[in-house]
Amino acid sequence: MLKPSPPLTINELMQRVEQIAGLTLGEIAAEFNFKTPEHLLREKGWQGQLLEYVLGATAGSKPVPDFEHLGIELKTIPIGFNGKPLETTYVSVVPLTNLTGMTWQSSTVKKKLTHVLWLPILAEKTIQPIDRTIGSGFLWQPSLAQEHQLQRDWEEQMELIALGRINEISGHLGEVMQIRPKAANSKALTDVIGPNGTMTQTLPRGYYLKIPFTAQILADQFGL
DNA sequence: TTATGATCATGT
DNA sequence: ACATGATCATAA
């Protein structure tokens with residue numbers, strides 16, 4: 001099977017999503033000659049990269065939506081037998097410098113979460129990666145209340161960074177969206193605003209959606 | 001180096 | 001049991 005071309009419309013994208021619902025990751029990987037690891041100890045992003053390929057996503061590692069033409073971000077989300085997410089959901093890197101004039105409206109988080117294609121994967125850890133089943137993907141846009149929650153968390157944590165207080169930030173902060181390390185290892189460093197407005201260095205961070213937030217999105221969709 | 005895709009695994 | 005902090009592969 002050839003590499004899928006980018007879907008031209010949302011309808012075309014959603015038709016592809018419906019066609020793969022119920023299949024296992026191993027089945028579609030075989031169909032598209034995509035590699036299949038024994039476990040995810042090393043290739044942690046395998047599931048997401050496989051689905052991007054199969055659905056014809058285009059963005060690569062650029063900071064733009066996966067389906068740029070459609071303005072849609074693809075997020076695979078691992079769920080357990082209970083239907084709840086097994087992991088938090090990475091959104092984007094946290095900007096740590098040149099924050100003046102940055103607002104929620106212009107933030108990468110807001111842009112990425114404007115329109116998301118959620119694709120649940122039954123990924124209980126007892127199931128081998130190739131035997132994990134693709135669920136029913138669906139489009140989501142944040143409700144007014146959800147967007148306000150995200151905006152509050154974003155503004156609270158960005159303010160701390162702007163004040164040079166990034167060392168006070170941990171994964172505990174944020175009602176629905178947290179900041180956690182996002183790096184090759186704990187020794188990686190990047191520039192950040194220091195306590196006196198000077199420049200110093202710190203561990204790169206990312207924004208992640210907390211599990212109860214994504215669990216509610218799934219519950220709203222599937223009526224659980 | 002920084003972005004993408006995330007899950008691993010230890011501490012609480 | 002679970003979330004936080006740590007980590008892995010890859011592309012540009």
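Every chain is numbered from 1, with letters handed out A, B, ... down the list of sequences.
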For [X] and [Y], indicate whether the former's side chain and the latter's backbone hold a donor-acceptor pair under 3.5 Å.
| X | Y | answer |
| --- | --- | --- |
| A/Thr58 | A/Asp66 | yes |
| A/Glu52 | A/Leu74 | no |
| A/Arg16 | A/Leu55 | yes |
| A/Lys111 | A/Ser106 | yes |

[X] [atom1] to [N] [atom2]: how many Å, rounded?
| X | N | atom1 | atom2 | value |
| --- | --- | --- | --- | --- |
| A/Lys210 | C/dT4 | NZ | C1' | 10 Å |
| A/Leu209 | B/dT7 | CG | C1' | 16 Å |
| A/Asp66 | B/dT4 | CG | C1' | 9 Å |
| A/Tyr207 | B/dT2 | OH | C1' | 17 Å |
| A/Tyr53 | B/dA6 | OH | C1' | 20 Å |
| A/Lys44 | B/dT7 | NZ | C1' | 5 Å |
| A/Glu87 | B/dA9 | CD | C1' | 10 Å |

dist A/Trp154:CH2 -> A/Lys110:NZ (nearest 0.5 Å) comes out at 11.5 Å
| If you round to the nearest 0.5 Å, how far is OG1 of A/Thr133 from CD of A/Glu27? |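 A/Glu27 CD to A/Thr133 OG1: 8.0 Å, rounded to 0.5 Å.
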### Query
Do any of residues 106-137 of chain A sit with a heavy atom less than 4.0 Å from DNA chain C, and if so which?
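Within this stretch, nothing sits under 4.0 Å of the strand.
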TODO: Pull out every residue in residues 159-187 of chain A that has a heavy atom closer than 4.0 Å to any atom of DNA chain C, ordered by number, or say none.
DONE: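 Contacts with DNA chain C under 4.0 Å: A/Ser170, A/Gly171, A/His172, A/Gln178, A/Arg180, A/Pro181, A/Lys182, A/Ala183, A/Ala184, A/Asn185, A/Ser186.
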**Request:** Indicate, with a heavy-atom threshold strictly under 4.0 Å, whether A/Ile211 touches base, sugar-phosphate, or nothing.
**Result:**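 The residue A/Ile211 makes sugar-phosphate contact but no base contact.
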Next item on the list: For the residue pair A/Tyr53 and A/Phe34, categorise the inter-ring angle as parallel (less than 30°), tilted (30 to 60°) or perpendicular (more than 60°).
Entry: tilted
Looking only at B/dT2, B/dT7, B/dG5, the nucleotide nearest the A/Tyr208 side chain is B/dT7
For the side chain of A/Glu43, counting heavy atoms from C-beta on, which of C/dC8, C/dA9, B/dT4 is nearest?
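Nearest to the side chain of A/Glu43 among the choices is C/dA9.
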Regarding A/Arg165 and A/Glu159, does a basic nitrogen lie under 4.0 Å from an acidic carboxylate oxygen? no
Per the under-4.0 Å heavy-atom filter, residues of residues 73-81 of chain A near DNA chain B come out as A/Glu73, A/Lys75, A/Thr76, A/Pro78
In terms of heavy-atom contacts, does [atom1] of [X] have more than 12 from other residues, nucleotides or ligands at under 6.0 Å?
| X | atom1 | result |
| --- | --- | --- |
| A/Asn185 | CG | yes |
| A/Glu38 | CD | no |
| A/Lys84 | NZ | no |

A/Arg152 and A/Glu156: CA distance, side-chain angles, deciding distance, salt bridge (charged side-chain N to carboxylate O under 4.0 Å, His left out) verdict
CA-CA 6 Å; A/Arg152 283 198 301 276; A/Glu156 176 191 9; over 6 Å; no
Look at the side-chain N and O atoms of A/Tyr90 and state whether any lies under 4.0 Å from the OP1 or OP2 oxygen of B/dT4. yes
Next item on the list: For A/Leu40 and for A/Gln49, find the nucleotide of DNA chain B with the closest heavy atom, then tell me which residue's nucleotide is more 5'.
Entry: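 So the residue in question is A/Gln49.
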